[in-house]
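Worksheet: one structure, shown below.
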Amino acid sequence: MSSPTTHSAADYEAIRNTLSRYCIALDTKDFSLLGRVFTPDVIAKYPFGPALEGVPAIQAKISDRLKHITSQHALTTQTIEIAADGTTAETTTYFTGIHFGQGKWKGQQVTAWGRYVDHFVKVKLDAVEDVLPGATGTWLIDKRETVFMGRLGEEGVMEGE
């Protein structure tokens, strides 16, 4: 006798959509989208400061960090492991972020690459648009660690004028 399914193949795509939404939020500077990436009580560790708690703290820090540049974030190699009970998942996703200078830094860039190490939880939301057809729920990040593996280019672009 087989055991009941606690997740579907579409859950993997739902997790990928959440990860992609993070990059879109950064590159479009639509930081309200981060409320559709993270749980309200998320804890996120970035290499540029102490751990951040809650979506508003992440929105404020990233908005300030990216205020002088435009960017292009891309996701590449990835693993997704959904727990046997289908309620949580662990992911590692490699990224490349290119940050383009403005003002006196126009024409220069700094590229960062590394990995996002995330813990996801499946949640119930009223917003139907956040449930991928076929998925068993909406997947949000409740713990994130961003690990830089390297940076190359002109760091001054991040500081602006």
Side-chain angles (χ1 to χ4, degrees), residues 6-100 109-127 129-132 135-153 155 157-158:
T6 58
H7 61 276
S8 73
D11 285 312
Y12 292 91
E13 289 305 315
I15 289 168
R16 285 186 193 98
N17 280 355
T18 300
L19 288 161
S20 295
R21 189 174 292 123
Y22 175 80
C23 296
I24 291 168
L26 272 56
D27 294 341
T28 63
K29 296 188 179 187
D30 182 355
F31 302 112
S32 67
L33 287 175
L34 297 177
R36 294 173 50 206
V37 172
F38 298 110
T39 61
D41 59 348
V42 62
I43 297 174
K45 296 178 184 175
Y46 290 91
F48 46 79
L52 302 172
E53 296 185 33
V55 175
I58 294 171
Q59 289 169 321
K61 184 65 172 182
I62 292 176
S63 172
D64 185 60
R65 180 126 174 105
L66 301 181
K67 69 183 172 190
H68 298 295
I69 56 98
T70 58
S71 62
Q72 175 71 49
H73 289 78
L75 305 176
T76 60
T77 306
Q78 179 178 72
T79 61
I80 300 173
E81 297 178 16
I82 297 177
D85 69 2
T87 63
T88 63
E90 303 290 335
T91 67
T92 298
T93 306
Y94 282 41
F95 71 86
T96 302
I98 306 170
H99 306 87
F100 302 97
Q109 65 188 40
V110 63
T111 300
W113 61 94
R115 64 185 177 270
Y116 300 127
V117 180
D118 295 316
H119 181 266
F120 278 80
V121 294
K122 186 167 48 177
V123 298
K124 299 282 186 191
L125 291 181
D126 294 332
E129 72 270 10
D130 284 337
V131 180
L132 186 72
T136 62
T138 298
W139 293 88
L140 298 177
I141 299 167
D142 75 336
K143 292 186 189 88
R144 161 163 282 184
E145 182 175 4
T146 301
V147 179
F148 283 161
M149 296 164 64
R151 291 175 70 84
L152 181 66
E155 292 288 343
V157 303
M158 300 303 290

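Everything numeric in this text was worked out from a predicted model, so none of it was measured.
- Cation-pi geometry between Arg65 and Phe48 is met: under 6.0 angstrom from the ring centre, within 45 degrees of the axis.
- No donor-acceptor pair under 3.5 Å is formed between the side chain of Glu145 and the backbone N or O of Val117.
- In this structure, Met158 and Arg151 have side chains that are in contact, with non-hydrogen atoms separated by less than 4.5 Å.
- Ring orientation note: the planes of Tyr116 and Tyr22 are nearly perpendicular, at an angle over 60° on the 30°/60° scale.
- Looking only at side-chain heavy atoms (C-beta outward), Ile82 and Ile15 come within less than 4.5 Å of each other.
- The line from OG1 of Thr91 to CZ of Arg115 is 12.0 Å long, rounded to the nearest 0.5 Å.
- The two residues His99 and Ser71 come nearest to each other via the heavy atoms CD2-CB, 4.0 Å.
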Open item on the list: One pair to check against side chain to side chain contact (heavy atoms under 4.5 Å, CB included): Arg16 and Ile80. What are the steps and the verdict?
Closed with: CA-CA 9 Å; Arg16 285 186 193 98; Ile80 300 173; 4.0 Å; yes
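- Side-chain contact between Phe148 and Phe95 is present, with at least one heavy-atom pair separated by less than 4.5 Å.
- Residues Val37 and Thr18 approach most closely at O-CG2, 3.6 Å, considering heavy atoms.
- Using a 4.5 Å heavy-atom cutoff, the side chains of Asp41 and Glu53 are not in contact.
- Just one of Leu19, Thr138, Thr87 meets the side chain to side chain contact (heavy atoms under 4.5 Å, CB included) condition when paired with Phe120; it is Leu19.
- Closest of all the heavy-atom pairs between Arg36 and Leu140 is O-CD2, 3.4 Å.
- Side-chain contact check for Glu90 versus His119: some heavy-atom pair is nearer than 4.5 Å.
- Around the NZ atom of Lys29, the shell of radius 6.0 Å holds more than 12 heavy atoms that belong to other residues, nucleotides or ligands.
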Task: Stepwise salt bridge (Lys or Arg N to Asp or Glu O under 4.0 Å) check, Lys67 with Asp64 - done: CA-CA 5 Å; Lys67 69 183 172 190; Asp64 185 60; 2.8 Å; yes
- [ ] Dump the intermediate steps for side chain to side chain contact (heavy atoms under 4.5 Å, CB included) on Lys45 and Leu52, then the final yes or no.
- [x] CA-CA 6 Å; Lys45 296 178 184 175; Leu52 302 172; over 6 Å; no
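- Put simply, the side chain of Thr96 reaches to within 4.5 Å of the side chain of Thr111, judged on heavy atoms.
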